Trainee: 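Structure provided below as structure tokens; questions to follow.
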Number of protein chains: 2
Amino acid sequence: MVSTVLGSGAMDNPPIVTVLDRAGYRLTEPRRSLAALIAGREGHFTATELVTEARARRLGVGRATVFRTLDMLAELGAVERLDLPSGEHAYVVCEPAHHHHVVCSRCGRSDEIDDTGLRKVVREVARRTGYRVDEHRLELFGLCPACLAGQPGPTRGVA
Amino acid sequence: MVSTVLGSGAMDNPPIVTVLDRAGYRLTEPRRSLAALIAGREGHFTATELVTEARARRLGVGRATVFRTLDMLAELGAVERLDLPSGEHAYVVCEPAHHHHVVCSRCGRSDEIDDTGLRKVVREVARRTGYRVDEHRLELFGLCPACLAGQPGPTRGVA
DNA sequence: TTTACTGCAAACATTTTGCAGATGT
DNA sequence: ACATCTGCAAAATGTTTGCAGTAAA
């Protein structure tokens with residue numbers, strides 16, 4: 001009913017560079033750099049984090065490019081924009097096509113969930129309210145198995 | 001399975017002033033003003049909109065107070081913070097207790113939906129992923145019946 | 001060669017904070 | 001009386017834009 005993709009997000013997805021290429025965008029140096037940075041991330045990340053890291057590594061990637069690229073990737077579905085409970089905007093890598101995520105409030109890890117069960121809920125809401133539902137967003141927050149087990153690891157303050 | 005509360009949001013909820021009072025907050029003039037502004041709203045509204053309207057009506061309510069009050073109300077559950085698809089933060093009045101909303105992308109109207117069906121989905125995700133899910137958020141966007149019917153009415157640009 | 005793309009810096013928008021003074025209880 | 005609450009103005013954040021130059025195709 002609800003199937004899940006386990007594993008740390010970015011692991012087995014089509015390389016971001018490929019997604020860009022296939023969409024007809026130029027494979028520029030800044031974009032390659034960003035793709036690498038993003039691929040290297042576990043869990044969620046913010047635009048600002050990328051800006052900071054790019055600057056730290058002297059990759060010569062400007063703020064504007066980060067925002068522009070993230071926009072593109074979100075558009076293409078290679079990345080999804082999350083609204084953390086804290087109000088921050090974060091992104092996670094994901095299979096282009098869909099979806100929704102469970103996000104760990106402690107380490108930031110995220111896993112995709114498919115919306116098989118959700119679809120029914122959405123359909124039902126539409127029926128009951130008379131709305132035509134065009135878009136829906138589901139975000140789950142909690143603790144991932146590792147953090148539940150008390151594993152140390154990086155704490156990414158997700159409120 | 002999924003029950004719905006129809007009607008334009010703010011209609012039949014405990015007065016905001018009461019919520020504040022019961023929570024032990026002082027019933028100050030600025031808070032009363034804001035409560036009135038919010039009660040007068042249909043559909044969603046942003047902090048900035050309130051600031052602007054308060055200023056237009058010369059209510060002498062400052063920016064900071066608007067943000068502080070909205071925070072309080074969100075905390076108390078009298079209001080819920082929405083993340084519109086555009087990335088904007090908006091608020092809707094709601095029954096303190098729970099909730100998710102369907103939001104009309106055209107007029108901003110919103111209706112509550114209960115999560116009877118959703119609960120099952122959440123539980124299933126938890127089971128499959130091993131996460132302990134502490135918090136979840138569901139937001140649906142589309143067109144309300146009135147807007148579907150081509151009714152004119154105020155268009156609140158929700159992306 | 002062409003035109004998409006870039007960094008930069010400035011513009012904008014949103015939210016938070018410090019603080020002296022006002023105000024509810 | 002006195003702690004809570006306020007507006008203000010400044011600061012911290014977050015995001016977008018205009019533009020002249022750069023580089024991918």
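From a predicted model like this one, the values you see are computed outputs, not experimental measurements. Every chain is numbered from 1, with letters handed out A, B, ... down the list of sequences.
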Trainee: For the pair made of CG in Asp21(A) and C1' in dA25(D), what is the distance, rounded to whole Å?
Mentor: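 Taking CG of Asp21(A) and C1' of dA25(D), I get 11 Å after rounding.
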Trainee: Return the minimal non-hydrogen interatomic distance between Gly117(A) and Val121(B), and the atom names on each side.
Mentor: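 Looking at all heavy atoms of both residues, the closest pair is C-CG2, 3.8 Å.
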Trainee: What residues form a side-chain contact (heavy atoms from CB on, under 4.5 Å) with Ser33(A), not counting sequence neighbours?
Mentor: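 With neighbours one apart ignored, the set is Glu29(A), Leu59(A), Val61(A).
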Trainee: Tell me which residues in residues 50-60 of chain B put a heavy atom below 4.0 Å from DNA chain D, sorted by number, or none.
Mentor: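 Only Gly60(B) qualify.
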Trainee: Under 4.0 Å between a Lys/Arg side-chain N and an Asp/Glu carboxylate O for Lys120(A) and Glu124(A)?
Mentor: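 Salt bridge flag = no for Glu124(A) with Lys120(A).
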Trainee: Of the residues in residues 26-34 of chain B, which ones touch DNA chain C at a heavy-atom distance under 4.0 Å?
Mentor: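 Output list: Arg26(B), Leu27(B), Thr28(B).
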Trainee: Output a table of nitrogen or oxygen pairs between the protein and nucleotides 9-18 of chain D separated by less than 3.5 Å.
Mentor:
residue, atom, partner, partner atom, Å
dT15(D), OP1, His89(A), ND1, 3.0

Trainee: Please give me the minimum heavy-atom distance between Val17(A) and Ala35(A), naming the atom from each residue.
Mentor: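 Minimum heavy-atom contact is CG2-CB, 3.6 Å.
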Trainee: Rounded to whole angstrom units, what separation is found between the CE atom of Met72(B) and the C1' atom of dT6(D)?
Mentor: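 Rounded to whole Å, this separation is 13 Å.
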Trainee: Please report the closest heavy-atom contact between Val92(B) and Ser110(B), naming both atoms and the distance.
Mentor: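 Between these two residues, the closest heavy atoms are CG1-OG, 3.4 Å.
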Trainee: I need the Leu34(B) CG to Glu53(B) CD distance, nearest 0.5 Å.
Mentor: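 The CG atom of Leu34(B) sits 10.0 Å away from the CD atom of Glu53(B).
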Trainee: According to the side-chain hydrogen bond (donor to acceptor under 3.5 Å, both in side chains) rule, which pairs have a member within residues 72-81 of chain B, sequence neighbours left out?
Mentor: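 Those involving residues 72-81 of chain B are Glu80(B)-His101(B), Arg81(B)-His89(B).
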Trainee: How far apart are the closest heavy atoms of Ala126(B) and Val133(B), and which atoms are they?
Mentor: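 Scanning both residues completely, I find the closest heavy atoms to be CB-CG2, 4.0 Å.
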Trainee: Tell me which pairs pass ring-ring contact (aromatic ring centres under 6.0 Å, His included) where either residue lies in residues 46-76 of chain A, with sequence neighbours left out.
Mentor: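 The answer is none; no pair qualifies.
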Trainee: Which pair of non-hydrogen atoms, one from Tyr91(A) and one from Leu70(A), has the smallest distance, and what is that distance?
Mentor: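 Taking Tyr91(A) first and Leu70(A) second, the nearest heavy atoms are CE1-CD1, 3.7 Å.
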